[in-house]
Amino acid sequence: MAKRLDQILVIDIESTCWDGGFPPKGQSNDIIEIGLCPLEVSTGRRLEKRSILVRPERSTVGPFCTQLTTLTQEQVAGGVAFKDACKLLEDEYLSQARLWASFGDYDRKQFDKQCRETGVRYPFGPSHLNIKSLFSVGRALPSEVGLPQAMALCGLKLEGTHHRGHDDAWNIAAVLWETLRKLRG
C-alpha cells in the first residue's frame with residue numbers, strides 16, 4: 001500500500017490514570033479518548049477536531065483521572081469498544097496508509113501495548129512522527145518541551161482544555177504546522 005502524504009493524522013490519546021502513575025491491582029491503562037485532527041500537508045489547514053470516546057475494558061476512570069482529563073466513568077462507559085475505535089481510524093481516516101503523529105512517544109507506545117494485550121489489529125502503518133522531538137530538534141532546544149511551552153514558543157494560544165484529546169490534537173496540529181512552515185523556509 002502506497003503511503004498517502006496528503007494529510008498527517010495528529011492523534012492525542014487520554015488513558016485511564018492514577019495518582020502515583022501505577023494502576024490498582026487487576027487494572028491496566030486503557031485508552032479512553034482518541035483525539036484526532038487531520039492536518040492538510042499542502043495548506044496547513046486543520047480539517048477536523050474529533051473526540052472518539054473509548055469504553056475502558058480493563059480499568060475504570062477514578063477521581064484523579066477525571067480531575068486531569070475532565071472525563072468521567074459515565075462518559076466513557078458510553079464510548080465505543082477499543083477494537084471499533086481502531087477500525088474507525090482505518091476506515092474513515094485511512095490510518096494504515098497515512099503518516100500519523102503525536103506529541104511524544106506515549107501515544108504510539110500505548111496504542112502498541114493495548115493492541116498487543118487485547119489482540120486488536122494496530123490501526124496505523126509503520127510510520128509515526130514524534131512532533132515533540134521534531135519541534136525541539138528543529139529549534140535547537142537543549143531538551144524536549146511540553147505542549148504548552150511549544151505553543152508559547154510558536155506564539156500560539158492554547159485552545160480548549162489541556163488533557164482533552166481532541167483539544168490537544170487540535171493544538172498539536174498547529175505546532176506541527178508551524179514547525180513544517182519553518183522547514184519550508
Side-chain angles (χ1 to χ4, degrees), residues 3-15 17 31-54 65-71 75-76 79-80 85-86 88-112 122-185:
K3 189 180 299 178
R4 298 177 64 132
L5 295 176
D6 56 335
Q7 298 174 14
I8 298 172
L9 301 179
V10 178
I11 303 278
D12 184 78
I13 62 168
E14 302 303 329
S15 300
C17 52
I31 293 172
I32 55 174
E33 181 185 25
I34 302 169
L36 174 71
C37 179
L39 179 71
E40 190 173 62
V41 173
S42 61
T43 65
R45 239 172 22 123
R46 294 176 284 178
L47 301 176
E48 178 182 6
K49 176 167 52 165
R50 183 167 184 184
S51 170
I52 303 164
L53 293 183
V54 182
C65 191
T66 297
Q67 185 180 0
L68 183 67
T69 66
T70 74
L71 293 167
Q75 285 174 296
V76 298
V80 298
C86 289
L88 184 151
L89 291 172
E90 288 188 46
D91 293 348
E92 290 187 32
Y93 296 96
L94 307 176
S95 60
Q96 285 283 331
R98 285 198 169 106
L99 176 62
W100 78 285
S102 62
F103 201 80
D105 256 347
Y106 174 79
D107 306 76
R108 181 186 60 78
K109 288 178 178 175
Q110 181 61 30
F111 259 107
D112 182 58
Y122 186 70
F124 303 105
S127 300
H128 171 261
L129 179 64
N130 181 332
I131 300 165
K132 188 180 206 177
S133 295
L134 177 67
F135 177 83
S136 300
V137 168
R139 294 206 173 222
L141 301 175
S143 60
E144 293 181 341
V145 297
L147 180 58
Q149 297 93 328
M151 293 196 70
L153 287 169
C154 290
L156 299 169
K157 292 206 179 320
L158 205 61
E159 294 181 48
T161 303
H162 189 34
H163 295 301
R164 272 305 303 269
H166 63 303
D167 289 334
D168 281 351
W170 181 258
N171 289 318
I172 292 164
V175 169
L176 176 56
W177 177 245
E178 287 301 313
T179 304
L180 294 176
R181 266 187 348 102
K182 274 196 173 303
L183 284 172
R184 293 176 185 183

Close side-chain approach of Val76 to Glu33, heavy-atom, < 4.5 Å: no

Note: Cys65 and Ile32 closest approach over all heavy atoms is SG-CD1, 4.0 Å

Hey, could you give me each pair passing ring-ring contact (aromatic ring centres under 6.0 Å, His included) that has a residue in residues 134-180? Not counting sequence neighbours. none

Give a yes or no on whether the backbone of Arg164 and the side-chain of Thr69 come within a donor-acceptor separation of less than 3.5 Å. no

Would you say Ser102's side chain and Asp107's backbone share a donor-acceptor pair under 3.5 angstrom? no

Mark yes or no for whether Asp12, through its side chain, and Gly35, through its backbone, hold a donor-acceptor pair below 3.5 Å. no

What's the separation between atom OG in Ser15 and atom CG in Leu71, rounded to the nearest 0.5 Å? 10.5 Å

Quick one: does Asp167's side chain get under 4.5 Å of Glu159's, heavy atoms only? no

Rounded distance [0.5 Å steps], OG1 in Thr179 versus CZ in Arg184: 11.5 Å

Side chain to side chain, Pro123 and Tyr93, heavy atoms closer than 4.5 Å: no

Looking at every heavy atom in both Val10 and Leu176, which two are closest together, and how far apart are they? CG2-CD2, 4.0 Å

Under 4.5 Å between any side-chain heavy atoms of Lys132 and Ile172, yes or no? no

Any salt bridge linking Arg50 with Glu92? Criterion: basic side-chain nitrogen under 4.0 Å from a carboxylate oxygen. yes

Within the structure provided, determine whether Leu99 and Val41 are in side-chain contact (heavy-atom separation under 4.5 Å). no

Donor-acceptor contact below 3.5 Å, side chain Gln7 vs main chain Cys37: no

Taking ring pair (Phe, Tyr, Trp, His ring centres under 6.0 Å) as the test, write out the residues that go with Tyr106, two or more places apart. none

Spell out, as yes or no, whether a donor-acceptor pair under 3.5 Å connects the side chain of Glu178 to the backbone of Cys154. no

Please work out which of the three classes, parallel, tilted or perpendicular, describes the rings of Trp100 and Phe124, given edges at 30° and 60°. parallel

Under 4.5 Å between any side-chain heavy atoms of Ile34 and Leu88, yes or no? no

Under 3.5 Å: donor-acceptor pair, side chain of Asp112, backbone of Arg108: no

Pairwise side-chain contact, Asn171 with Leu156, heavy-atom cut-off 4.5 Å (strictly under): no

Measure from the side-chain N and O atoms of Arg98 to the backbone N and O of Pro38, and report whether any donor-acceptor pair falls under 3.5 Å. no

